[in-house]
There are 2 protein chains.
Amino acid sequence: MPANLSATRQIVVTVDVVLLTLRDGRLQVLLMRRENDPFAGQLALPGGYIHPQQDDDAGAAARRVLADKTRVRAPYLEQLYTYASGARDPRGWSVSIAFYALVSEQALRRTGREVFELLDADALPHLSFDHNRIIETALDRLRNKSAYSSLPCYLLPDRFTLTELQQTYEQVMGVPLEKSAFRRKLADLGFVEPVPGARQTGQHRPAQLYSLKAGARLAVFERPF
Amino acid sequence: MPANLSATRQIVVTVDVVLLTLRDGRLQVLLMRRENDPFAGQLALPGGYIHPQQDDDAGAAARRVLADKTRVRAPYLEQLYTYASGARDPRGWSVSIAFYALVSEQALRRTGREVFELLDADALPHLSFDHNRIIETALDRLRNKSAYSSLPCYLLPDRFTLTELQQTYEQVMGVPLEKSAFRRKLADLGFVEPVPGARQTGQHRPAQLYSLKAGARLAVFERPF
DNA sequence: GAAATAGTGTCTGTAAGACATTATAGG
DNA sequence: CCTATAATGTCTTACAGACACTATTTC
């Protein structure tokens, strides 16, 4: 055991989760009001201490914290980055293992509870700790990874139309896409498949419903959309 | 303060560094023999505890640990992933903020000291802790990111020929590249520039030397090589 | 000139962008 | 019929892959 282990004991280890969803075509972040100091009453990401007796690993801790605080079970959760410094928490040196999660607006609504707030990710007020920076990193990751993966599917419910999927990609990446090219590439990549059923939204031809193929892994492709 | 802070105090926080270099056309990892238990005498990544009084943040801790243990100053250092679980260290729940670093063989040789070993990244023996897995993640990250960025440049010395750069990309990514297309793309992307001087390696025309352009940021491009 | 690698030019095939056309629903 | 969106087909353009050709060095 090293002589300086006592020093390392001063380090606090937490997990924080950036939960993102798409509502009315805009990316939104789930935030909560802090009950305790520091920053009591201010908005912050859902987060908490790791419970070594309870959590097998950091991902389990993130899922537990998210479920305990918000009742949300996100279909996609990925480690984002670890923020570790003496400056980010007024109480001293601290480590936050940050995750980001994606969930559909529909699934979020189903939790019922309104212990949290959803705010536009692009127009946030000043948040507790370095949480603004953590969210920026999450948005960068989502936008970047969306260009070459099936990630945006996790912002939609289980079944969706190709137009909804295209709009989701467009809203996340911030650029318009060509319908024909988009569908050609979807067909080539083959990570979605038609499922029985259609959706009608007006006085016109209804759209075929699709869902992610059974092999639920994240599809990653060579060239971006 | 939460009631379970005492529990969080049991968590040990370390940094570990996967330092990669290219020697004789093969990716190699810097490893050291552990002096203390657990795993005394076994090979492990250079790593150590965070020193809250000394390290501003995790990156600073990684640079300090690398410099202290190996005298290496790597031109590229990036946070890789955080391994945090109750299973990875026999002493209990622990957190390792892992980094990966790139350095040229020439710069590594200049350190002189041989307190470390360099082993082929693709044929490693069983290492301490979960270090095999950490190295796998580092290799995946390097290979993936090399396909769409100027990252491999950091495996070369300051000045290099375009053939050397192409071979570096090929060795990292494991696929042959077309010389003409490679150079066309380099010219388009424009992150390297010719510098005065040439290198002659045989009885033939010498090659122009190049170096990374002054704006030393990592160049990231849309489509992979 | 021969040999070897540096460096450039040209053709081709593939895939994305642009845009037109057909399909199918309700009124 | 008209309207609106779904879904597909076709033409063009951009770029990567393949490969030939020229350039420059030592012997």
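FYI, side chains are in, hydrogens and waters are out, and symmetry mates aren't considered; it's all heavy atoms of this structure. Each chain gets a letter, A, B and so on, in the order the sequences are listed, and its residues count up from 1. No experiment lies behind these values; they were computed from the predicted model shown.
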Novice: Given side chains that start at C-beta, do those of A/F99 and A/I97 come closer than 4.5 Å, heavy atoms only?
Specialist: yes

Novice: On DNA chain D, check which nucleotide each of B/R223 and A/Y210 is closest to and give me the residue with the more 5' one.
Specialist: A/Y210

Novice: To the nearest Å, give me how far apart CG (A/L209) and P (C/dA25) are.
Specialist: 14 Å

Novice: Is the CG atom of A/D120 crowded by more than 12 outside heavy atoms at less than 6.0 Å?
Specialist: yes

Novice: Heavy atoms of chain A, cut-off under 4.0 Å: which first and last nucleotide of DNA chain D, 5' to 3', fall inside that, if you could look?
Specialist: D/dT3 to D/dG9

Novice: B/I135 and side chain to side chain contact (heavy atoms under 4.5 Å, CB included): which partner among B/V29, B/D16, B/D140?
Specialist: B/V29

Novice: To the nearest Å, give me how far apart CZ (A/R205) and C1' (C/dT22) are.
Specialist: 9 Å

Novice: Among residues 171-198 of chain B, which contact DNA chain C at a heavy-atom distance under 4.0 Å?
Specialist: B/K179, B/S180, B/R183

Novice: From the options B/T21, B/L22, B/L156, select the one residue that forms a side chain to side chain contact (heavy atoms under 4.5 Å, CB included) with B/E105.
Specialist: B/T21

Novice: Taking atom types as modelled, is there a side-chain donor on B/Q167 or B/Q171 under 3.5 Å from an acceptor on the other?
Specialist: no

Novice: For the residue pair B/L19 and B/L108, establish whether any side-chain heavy-atom pair is separated by less than 4.5 Å.
Specialist: yes

Novice: Assuming nearest nucleotide by heavy-atom distance, tell me which of A/Q203 and B/H204 is located more 5' along DNA chain D.
Specialist: A/Q203

Novice: Among all residues two or more places apart in sequence or in another chain, which pass the salt bridge (Lys or Arg N to Asp or Glu O under 4.0 Å) test with A/R141?
Specialist: A/E78

Novice: Do we get B/K185 above B/F225's six-membered ring, with its NZ or CZ under 6.0 Å from the centre and within 45° of the axis?
Specialist: yes

Novice: Please compare B/Q208 and A/P224 by the position of their nearest nucleotide in DNA chain C and report the one closer to 5'.
Specialist: B/Q208

